[in-house]
Each structure stands twice: as C-alpha cells, then as structure tokens.
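All remarks here apply to the structure that follows.
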Amino acid sequence: MSRKFYITTPIYYVNARPHIGHAYTTIACDTIARRQRLLGAETFFLTGTDEHGQKIERAAQAAGKTPQQYADEISAQFRQLWRRMGISNDDFIRTTEDRHKKRVQELFRRIRDNGYIYKGTYTGQYCVSCELYVDGAQPGDPCPTCERITETVKEDNYFFKLSEFQDKLLALYANPEFIRPEARRNEVISFVRSGLRDLSISRSTFSWGIPVPDDPKHVIYVWLDALANYITAIGYGSSHAGAQEAFKKFWPADVQMIGKEIVRFHCVYWPAFLMAAGLPMPKTIVAHGWLLFEESKMSKSRGNIVRTETILDVLGADALRYFLLREVVFGQDGSFSFDALVQRYNSDLANGLGNLASRTLTMINRYFKGEVPYPSHGASKTAADVAIAEAARKTIREFGTLFDQFQFSRALESAWALVAAVDKYIVENEPWALGEKQDEDSRSRLATVLYTAAEALRIATALAHPVMPEATAKIWAQMGLGDIQKLPLSELAWGQLPLGTKLGDVQPVFPRADKSAIERMQKMEEEQRSTPVAEASAAATPAQTTAPQATPAAVPAPVPAANEKISIDDFAKIELRVGLVKVAERVPKADKLLRLEVDIGTE
Ligand code: MSP
C-alpha cells in the first residue's frame with residue numbers, strides 16, 4: 001500500500017484580493033505536494049477560503065454587497081489565480097459551504113459533550129482584523145500582532161477551557177518536529193508557559209458565521225470555524241462512509257504550512273481543540289516568514305501589495321515560483337523587488353537551466369540527428385565526465401534532504417550548482433569544436449560530452465519539476481522523455497537517459513527578459529494602486545482557463561506616446577528598413593485604412 005501524505009495551506013480571508021504574499025504560502029505547499037506525488041505518496045493537498053467573521057462582514061458592507069456575494073467574488077479570484085499558477089490542490093474548501101458548516105457544528109458538539117465548553121460573559125478587547133481576543137489589553141490599546149486599535153467587546157459567549165490544556169500542550173511541544181522552525185517553537189513554549197486563559201469561542205453581536213448548535217443566537221468564533229477546515233474537508237463529522245474513510249486515511253496531516261503571524265492559532269488553539277475532541281495531532285506545523293515589499297509586510301492595509309497577475313503576465317508562473325523559493329530563506333522574512341526577480345530570472349533560468357537545455361539539445365540535433373548519443377565507456381572517458389556524474393549523484397541526495405527539511409532555497413542552490421558545473425564542462429570540452437572533426441575519436445568524445453550534458457540536464461530538470469512544473473515538462477518533452485508527471489522520482493539516478501532517444505521539438509523555454517519587463521510590471525502595479533481600494537478588492541480578475549504562461553512578453557510592451565522617446569533597449573529591438581512607396585490608395589468602405597505597395601529591394 002502506498003504511503004499517504006496530507007498537506008494544508010491556511011485558508012485565505014476573502015476581505016481582499018490575493019497578492020504574492022498569499023501566493024508564497026500556496027506555492028511552497030504546491031511544490032511539496034508535487035514532489036510527494038512524484039515520490040509515490042498518495043497525496044492530498046488542501047487549500048481554500050476563510051469567509052466568516054466580523055472582518056468579512058464589514059468589508060462586504062463597505063463594498064455595498066452581502067457577505068455571501070462578496071465572499072463568492074473573492075473566493076473565485078483565489079481559485080482562478082491558483083489555476084493560472086499551476087497549483088495542484090486536490091480540494092478547495094470554502095467555510096460557507098454546507099459540508100463545512102455541518103461538520104464544524106459536529107466538532108463543537110463533540111467538544112461540548114466532552115465537557116470543555118461552558119457559557120459566560122466576555123468583557124475585553126478584540127482585534128477585528130486578526131479576529132483575536134487580546135488578553136490583558138485596555139480600551140484604546142493596539143493589537144500586539146497588527147497594531148490596529150482593539151475594540152471593546154462585552155457579550156455573552158461560550159468559552160472553551162483552554163486553561164486545562166497547558167501541560168498537555170507543553171508535553172506536545174517536547175517533540176521538536178511539531179512546530180518548525182525552532183524560533184517559532186520557542187515563542188510558543190514561552191507563551192504557553194506564561195499561562196493560558198479560557199477562550200471565548202462564540203460571538204453574539206453579529207450573525208455572519210456558523211450558528212452554535214442548539215443556540216443559534218450565537219455564531220461560532222471564526223478561528224474555531226476556520227481551523228476546523230483541515231478536518232472537515234477530508235470528511236470529519238460526516239455520516240457518509242466514503243467521507244469517514246477519507247478522514248481515517250488522511251488525518252493527521254503530515255504538514256500544515258502557515259505564516260508566522262498565525263502561529264498562536266495553529267500551535268496553541270488548534271491542538272487544544274483537537275485534544276478536546278479526542279483527535280490526533282498534525283505531525284508538523286511549519287511557519288514561514290513574511291514577504292516584504294518596500295521594507296514592510298506586504299498587505300492590503302499597508303497598500304504595498306504586488307499582485308500575482310502582474311508577474312504571471314510578464315514572466316510566467318514558473319518564474320515567480322522559482323524566485324520565491326530560491327530567493328527567500330524559508331522561515332525568515334524576505335524582500336521582494338522587481339529588479340531582483342528579473343535578475344534571478346535571467347541568471348538562473350534564461351542563462352542557467354534554459355540555456356543549458358537549448359545548447360545541449362541543439363547540439364544533439366545538429367551532430368547526432370536529434371538522437372541521444374552513445375557515450376564511450378572505455379579509456380576515452382575523462383576525469384571531467386566522471387566528476388559530472390558524481391556531482392549529479394550528490395545533487396540528487398542533497399536536494400532531497402534539503403527540500404524535505406523545507407530548505408527550498410538551499411535545495412535549489414544545490415541543483416543550480418550542478419547546472420553551473422555542466423556549463424563549465426561544456427565550455428571546457430568544446431563540443432562545437434569536436435563537431436567540426438570527422439575522425440572517430442572526436443565523434444566518440446563528442447558523443448560522451450553531449451550525453452553527459454544531457455543526462456545532467458535530465459537530473460536537474462527532474463529535481464526542479466515540483467518547483468517549475470510547466471517549464472520542466474517542456475524540457476522533458478524536448479528531451480523525448482514523455483510525460484514528466486510519470487517520473488518515479490524516488491528512483492532517480494545517473495545513467496537512466498535512454499540511449500538513442502529521439503528528441504522532440506527544441507524551443508527556448510525561458511527567453512531573456514530585458515529592462516522593459518521591470519518597467520512594465522512596475523507600471524501595471526502603479527496603475528493598480530491608483531485604483532480605489534474598494535473597487536480593486538471587489539473587481540474580478542479576468543477568467544483564465546488556459547495553462548499558465550511561461551513565456552515573457554505575453555503582454556505587448558506599451559506603445560510610447562507620439563512625443564515620448566523610446567528607451568535604448570527598445571531601440572535595440574528595432575529593425576530599420578528603407579523602402580520606396582509605389583502605391584498608396586484608399587481601401588473601399590474604410591476611412592482609416594490605406595493600401596500601400598512598398599519596394600524594400602530584397603523581398
Ligand atoms: N484566514 C486566516 C487563516 C486561517 S487558517 C485556519 C488568514 N488568512 S490570510 O489571508 O490573512 O493569510 C493566509 C496566509 O497568507 C497566511 O499563511 C499568511 O501568513 C500568508 N500571507 C499573507 N500575507 C503575507 C506576506 N506578506 N508574506 C508571506 N505570507 C503572507 O490568516
């Protein structure tokens with residue numbers, strides 16, 4: 001029986017349209033899910049949207065919509081965007097779905113029946129943006145997480161006996177794998193050690209939420225509602241046998257990925273709710289850092305967001321996926337800039353993997369009629385050939401270890417060290433010079449060099465596939481290897497490239513991006529920022545059903561106004577021709593068209 005693997009993202013609030021901060025969490029999970037599938041695990045990857053609570057109710061009101069309409073629109077934007085980015089989630093849960101609502105009520109009942117819920121009155125401060133009760137705060141105090149001013153809440157609530165779980169939680173944290181990285185684990189331990197107060201788990205002064213079973217004047221606290229998605233989506237609380245089977249199979253989750261600002265909810269409240277319901281704990285909760293833009297956390301309220309669509313339009317999904325995982329040290333905050341994105345794209349993708357693929361495959365086409373050549377095994381094999389094979393073997397081991405410890409950037413660094421080593425090998429062995437010679441030794445040497453380069457390319461491509469699914473699938477097909485998704489990654493080893501394989505159609509995968517790519521992206525974002533916020537967050541993104549664009553220049557460069565000069569980079573793209581206009585005549589029934597016949601001499 002195959003191993004199962006269950007991975008979750010947090011579910012996204014629908015008070016604002018998605019930005020690349022959201023994409024970051026989702027991309028990290030997607031990459032892990034894809035790798036697990038290739039490794040043969042029966043994988044379930046869940047994401048979705050968090051649609052209840054006071055924050056969403058207010059955002060909808062501000063946009064002049066009902067909360068359901070508002071949630072429908074923004075949830076659809078997330079789904080469209082994830083499709084366009086090649087996100088391979090197996091389910092998308094919305095907390096306003098019936099299946100979720102019923103199962104959350106079931107969880108509430110179970111916790112209540114187990115004796116962990118009582119009725120009381122809450123008086124204290126609440127942060128609507130974080131949907132967080134801020135213990136110990138006074139009226140007028142800011143929220144410790146987002147720094148917005150808290151609101152005073154006084155209402156009848158149901159309480160959860162969180163205080164009873166302090167020791168059990170501390171015992172749980174003794175397992176160093178439960179919360180990663182270490183710094184987050186230490187924060188949580190000291191928070192729990194300082195004492196836990198019971199938690200209000202219902203609200204009674206607004207109604208946008210799931211009614212408390214048997215007491216519908218109350219709605220369930222949005223964090224209990226939202227956290228439960230991780231189990232409701234896979235069938236917890238359902239009476240259907242199939243759903244119960246799925247729950248049994250997939251729970252506990254293998255990886256729950258979150259951003260660092262929601263650690264308390266996931267590492268304190270969530271395990272306590274699960275314990276109260278008598279359910280097993282997730283195996284690991286991994287917290288990543290923030291994506292910063294213009295030096296602070298990218299967020300709608302700060303107005304410093306970068307939309308994912310902008311990058312997809314100009315550079316494609318793979319470029320964004322690679323950049324975020326390569327550039328940001330996972331677990332720490334990382335800065336985003338368009339300059340850094342384009343620089344990475346050019347150095348690692350256009351000049352790195354893309355160039356290795358096109359030069360290797362083009363030479364196999366030219367010198368071996370497009371068939372993978374047979375390398376020599378005898379004395380003509382050099383130390384350099386052996387070194388590349390050894391480097392590739394080491395990369396397979398290193399990449400796997402680093403990646404599976406969530407060190408994506410180091411894993412990619414190791415795969416790109418292999419790409420660089422092969423580039424150097426090609427330069428030093430000069431296959432183009434060997435290709436000019438016809439003697440047997442030169443032919444045999446050429447075959448070995450190109451085989452070695454192609455085999456290393458295959459390995460780098462296979463390892464990078466979960467990160468850049470589209471581009472690597474193209475390279476794989478160009479190598480004549482068929483469908484990359486069928487690759488048994490756990491068996492990846494040097495020497496598996498079938499000799500004599502007929503290459504497919506060789507095309508560049510990452511065309512170079514020039515400066516105008518940066519300017520275009522900046523301009524698109526400036527235009528977006530000058531759009532009023534309410535309109536921007538409510539506006540639907542255009543429907544996108546096609547596969548993600550991996551090629552830059554999908555959007556034409558803006559045409560300069562008549563009196564505007566073009567840049568030197570644009571000038572370099574222009575081909576100037578001189579011609580003699582021989583005929584210029586009106587086109588019948590058109591008042592803005594002329595038919596020209598021009599003699600340019602050669603054509
Ligand atoms: N709805 C809650 C999660 C409930 S899970 C039971 C929530 N939603 S969120 O939309 O605000 O954030 C969802 C995820 O996006 C979080 O992991 C958060 O850390 C991530 N990010 C949002 N902005 C981000 C950055 N600027 N940088 C990195 N990740 C960010 O919290």
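Both ligands and their constituent atoms are indexed starting at 1 by order of listing.
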Could you identify the single nearest non-hydrogen protein atom to [atom] and state the distance to 0.1 Å?
{"atom": "atom 17 (O) of ligand 1", "result": "Gly259 N, 2.9 Å"}
{"atom": "atom 21 (N) of ligand 1", "result": "Gly21 O, 3.7 Å"}
{"atom": "atom 10 (O) of ligand 1", "result": "Tyr13 N, 3.2 Å"}
{"atom": "atom 20 (C) of ligand 1", "result": "Thr25 OG1, 3.5 Å"}
{"atom": "atom 26 (N) of ligand 1", "result": "Met298 O, 3.0 Å"}
{"atom": "atom 18 (C) of ligand 1", "result": "Glu261 OE2, 3.2 Å"}
{"atom": "atom 14 (C) of ligand 1", "result": "Tyr12 CE2, 3.5 Å"}
{"atom": "atom 23 (N) of ligand 1", "result": "His19 CE1, 3.5 Å"}

| query | Please walk me through it: do Leu46 and Phe250 pass side chain to side chain contact (heavy atoms under 4.5 Å, CB included)? | reply | CA-CA 11 Å; Leu46 177 70; Phe250 286 109; over 6 Å; no

Inspect the contact between [Y] and [X] and indicate whether a charged nitrogen and a carboxylate oxygen are less than 4.0 angstrom apart.
{"X": "Glu245", "Y": "Lys248", "value": "yes"}
{"X": "Lys65", "Y": "Glu73", "value": "yes"}
{"X": "Glu261", "Y": "Lys297", "value": "yes"}

| task | Mind running ring pair (Phe, Tyr, Trp, His ring centres under 6.0 Å) on Tyr118 and Tyr158 for me, showing each step along the way? | result | CA-CA 6 Å; Tyr118 64 93; Tyr158 284 93; 9.3 Å; no

Output the list of atoms in ligand 1 that are nearer than 4.0 Å to some heavy atom of [X], sorted by atom number.
{"X": "Asp50", "value": "1 (N), 2 (C), 4 (C)"}
{"X": "Ile258", "value": "17 (O)"}
{"X": "Gly289", "value": "28 (C)"}
{"X": "Ile262", "value": "16 (C), 17 (O), 31 (O)"}
{"X": "His22", "value": "10 (O), 15 (O), 22 (C)"}
{"X": "Ala226", "value": "6 (C)"}
{"X": "Lys297", "value": "23 (N), 24 (C), 25 (C), 26 (N)"}
{"X": "His266", "value": "5 (S), 6 (C)"}

| query | To the nearest 0.5 Å, how far apart are CG in Leu341 and CE in Met521? | reply | 5.0 Å

[X] versus ligand 1: do any nitrogen or oxygen atoms come within less than 3.5 Å of each other?
{"X": "Asn229", "result": "no"}
{"X": "Tyr230", "result": "no"}
{"X": "Leu291", "result": "yes"}

I'd like to know if [X] contacts ligand 1, where contact means a heavy-atom distance under 4.0 Å to any ligand atom.
{"X": "Ala16", "value": "no"}
{"X": "His288", "value": "yes"}
{"X": "Trp223", "value": "yes"}

| For Arg99, does the CZ atom have more than 12 heavy-atom neighbours from other residues, nucleotides or ligands under 6.0 Å away? | yes

| Crowding at CD, Gln343 (>12 non-hydrogen neighbours, <6.0 Å) |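 Not more than 12 within 6.0 Å, no.
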
| request: From atom 3 (C) of ligand 1, work out which of Ile11, Leu227, Asn15 has a heavy atom at the shortest distance. | output: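 When every heavy atom of Ile11, Leu227, Asn15 is considered, Ile11 comes closest to atom 3 (C) of ligand 1.
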
| query | Do Tyr230 and Thr8 have side-chain atoms, one donor and one acceptor, less than 3.5 Å apart? | reply |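 No, because no side-chain N or O of Tyr230 sits under 3.5 Å from a partner of the opposite role on Thr8.
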
| Do we see a donor-acceptor contact under 3.5 Å between the side chains of Thr66 and Gln68? |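 Side chains of Thr66 and Gln68: no pair found under 3.5 Å.
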
| Full working for salt bridge (Lys or Arg N to Asp or Glu O under 4.0 Å) between Glu151 and Arg58 | CA-CA 14 Å; Glu151 297 180 18; Arg58 287 185 186 173; 2.7 Å; yes

| After noting the C-alpha distance and the side-chain angles of Glu106 and Arg109, does the key distance pass the salt bridge (Lys or Arg N to Asp or Glu O under 4.0 Å) rule? | CA-CA 5 Å; Glu106 190 51 42; Arg109 266 190 217 105; 3.1 Å; yes

| request: Return the set of residues passing salt bridge (charged side-chain N to carboxylate O under 4.0 Å, His left out) with Lys102 (not counting sequence neighbours), or none when no residue passes. | output: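 Residues passing salt bridge (charged side-chain N to carboxylate O under 4.0 Å, His left out) with Lys102: none at all.
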
| field | Partner of Asp313 by salt bridge (Lys or Arg N to Asp or Glu O under 4.0 Å), out of Arg84, Lys523, Arg307 | value |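 Exactly one option meets the salt bridge (Lys or Arg N to Asp or Glu O under 4.0 Å) with Asp313, and it is Arg84.
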
